[in-house]
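Worksheet: the structure to be examined is printed underneath.
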Amino acid sequence: MRNTTYIREIEKYEGQVVTLSGWLYNMRSSGKLRFILLRDGTNVIQAIVSRNDVGDEIFNRCDLLTQESSLKITGLVVKDVRSPIGYEIQVNDLEIVHIAEEYPISPKEHGTPFLMDHRHLWLRSSLQHAILNIRHEIISACRSYFDNNGFTLIDAPIFTPAACEGTTTLFETDYFGSKAYLTQSGQLYMEAAAMAFGKVYCFGPTFRAEKSKTRRHLTEFWMIEPEMAFCDLNGDMDIAEEFLEYIVQRTLKNREAELKLLERDISKLQNVKRPFPRISYDEAVDILKKSAEGQAFEYGNDFGGGDETIISAAFDRPVMVHRYPADVKAFYMKNDPEDASKALCVDVLAPEGYGEIIGGGQREDDYAVLLDKIKKHNLPVEAFDWYLDIRKYGSVPHAGFGLGIERSVAWICGLQHIRETIPFPRLMHRLQP
RNA sequence: UCCUGCGUAGCUCAACUGGCAGAGCGGGUGACUGUUAAUCACUAGGUUGUAGGUUCGAGUCCUACCGCAGGAGCCA
């Protein structure tokens, strides 16, 4: 058993009799007519059942149908200007596959906690369907970009023996009697892989046990992390902006219908073209100091969510902020040779207040300096033996970055909250479904 | 962890200063041959988050707890 006809390509079948399989999205009745909205995962189409055409037995079957019941409809595909998709089905036959119990999600308003409790059903709704289709497009574009530019996919492990960045809280698990942690970045492994393959990337889930309750945080999210040997900070920024331009422009091209359904202001995305502005941390602080709300900012700190919004509001496309104070950045960042207090790092801030979507930079490639940094951060040196080895056997300048998939999806879709950008979100207060 | 707010029908919400527990949607029954979140009529549906307290009387006031939402810190 296999479907051959989907609503997405219904225009190919105009004037023909087809069988569609799907679920009842909604039904209206009018005397001896039944209007069935059939959803098949690719789109929704209206099917008209007339008592005079199908006879009493098939017609009465319609009245057994409940919202989200599964069914097969056979009928003639006809053009109709009243239809949102231009076509409808005049039904000859209707087969019920399963009568659904009373469906909890009605076509009217619901609150997010209720919908999240029913996330496994909420996925069937049109807006969620659009968001996850765009997520699929973005992930597909990310992979295409790296695959087409000479990068090799190298999967990083999920279980790790120690923190990549000492500051963040990790999820701890029992690993045959010893401790293991869920990864918060594949980067260290990508550095090793870059020395073997030149240009590599990994794409996988990432875990943060921070008790963050904001619209920008998940405890489990997906990150794509490229790493390049023989690459400095400028080369890193070149790749980051070309990469971002590619995924945004490809999504615009292939997912116009979904973006329209989400009422996304497309013009904001059309601006996402190279070159992106590149400003230093010091210049970003100047922007803050000139703004009304940012004057309280203390030089030397990392930017908070509100600070990032002010900085990004000064530009009409993503802005790359480089050379933060080394003290607020991770131990593996290389210091700027022209100003040792700064790190050769870059954060890409999305427009419209969506915050940091990319973080990256040039890595420390000197053995002695890196060892010193590990010690200064109070990290266990033994756990980083293998990582230090990379600096012992043909060390080279190298750089990379990580892009947060969900924050990117939220930005491109124009969503208020990150939780709808992933099929089954994991939040501080949500592990179900 | 801290700050703020919210818990009333399946869902979304009302209920004045403490005075009979309400509506819309959804469900059920019926009407309707072009409906677009269809419409119309009828109908069922409640331990007001939990436990105490104040009061003649608590959805409403007080205390504690539980759950949830937003924000801060931290980060992608």
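The structure presented is a predicted model; accordingly, all values stated were derived computationally and were not measured. Numbers restart at 1 for each chain; the letters A, B, ... are given by sequence-line order, proteins then strands.
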Whole angstrom is fine here: how far is it from [atom1] in [X] over to [atom2] in [N]?
X       : N      : atom1 : atom2 : result
W411(A) : A76(B) : CH2   : C1'   : 14 Å
Q67(A)  : C11(B) : CD    : P     : 15 Å
D63(A)  : G28(B) : CG    : C1'   : 13 Å
K213(A) : C74(B) : NZ    : C1'   : 16 Å
H110(A) : A37(B) : NE2   : P     : 16 Å
L218(A) : A76(B) : CG    : P     : 14 Å
H417(A) : G71(B) : NE2   : P     : 6 Å
Q46(A)  : A37(B) : CD    : C1'   : 13 Å

Would you mind telling me which of [options] lies closest to the side-chain atoms of [X]?
X       : options                : result
L33(A)  : A76(B), G34(B), A69(B) : G34(B)
T214(A) : G34(B), U35(B), A72(B) : A72(B)
F114(A) : U12(B), C32(B), C74(B) : U12(B)
E102(A) : G27(B), U35(B), A76(B) : G27(B)
E210(A) : C75(B), U35(B), C74(B) : C74(B)

Classify the nucleic acid contact of [X] as base, sugar-phosphate or nothing, counting any heavy atom under 4.0 Å across all strands shown.
X       : answer
D302(A) : sugar-phosphate
S29(A)  : base
P113(A) : sugar-phosphate
H118(A) : nothing
R216(A) : base
G111(A) : sugar-phosphate
I358(A) : sugar-phosphate
R430(A) : nothing
F35(A)  : base

Would you measure the distance from the [atom1] atom in [N] across to the matching atom in [M] and give it in whole Å?
N      : M      : atom1 : value
U29(B) : C65(B) : C1'   : 45 Å
G10(B) : U1(B)  : C1'   : 36 Å
U48(B) : A14(B) : C1'   : 13 Å
G22(B) : U47(B) : P     : 15 Å
G73(B) : U4(B)  : C1'   : 16 Å
U63(B) : G18(B) : P     : 16 Å
C20(B) : G24(B) : C1'   : 22 Å
G57(B) : G53(B) : P     : 12 Å

Mind listing the closest non-hydrogen atom pair of [X] and [Y] along with its distance?
X       : Y       : result
Q67(A)  : Y25(A)  : CG-O, 3.8 Å
P104(A) : F114(A) : O-CZ, 3.6 Å
L38(A)  : G22(A)  : CD1-C, 3.8 Å

Examine the base of [N] for any acceptor or donor lying under 3.5 Å from a partner atom in the side chain of [X], and report the outcome as yes or no.
X       : N      : answer
S106(A) : C11(B) : no
E88(A)  : G34(B) : yes
S212(A) : G73(B) : yes

- Could you check N26(A) against K32(A) and say which one's nearest nucleotide on RNA chain B is further toward the 5' end? K32(A)

- Between M27(A) and D347(A), which has a closest nucleotide on RNA chain B that is more 5'? M27(A)

Check this one for me: any side-chain N or O of [X] less than 4.0 Å away from OP1 or OP2 of [N]?
X       : N      : value
H217(A) : C75(B) : no
R419(A) : G70(B) : yes
R215(A) : G70(B) : no

Are the charged groups of [X] and [Y] less than 4.0 angstrom apart, N to O?
X       : Y       : value
K342(A) : D339(A) : yes
E68(A)  : R39(A)  : yes
D238(A) : R278(A) : yes
K268(A) : D265(A) : yes

- Message: With a sphere of 6.0 Å drawn around CD of Q16(A), does it hold more than 12 non-hydrogen atoms of other residues, nucleotides or ligands?
- Response: yes

- Note on the structure: To the nearest 0.5 Å, atom CD of E356(A) lies from atom CG of D347(A) at 3.5 Å

- Message: When you compare the side chains of D282(A) and Y299(A), does any donor N or O come within less than 3.5 Å of an acceptor on the partner?
- Response: yes

- Query: If you draw the axis of the six-membered ring of F331(A), does the NZ or CZ of K373(A) fall within 45° of it and under 6.0 Å from the ring centre?
  - Reply: no

- Using Watson-Crick or G-U wobble pairs with both distances under 3.5 Å, give me RNA chain B in dot-bracket, 5' to 3', with [ ] for crossers and | for pairs to another strand. (((((((..((((.....[..)))).(((((.......))))).....(((((..]....))))))))))))....

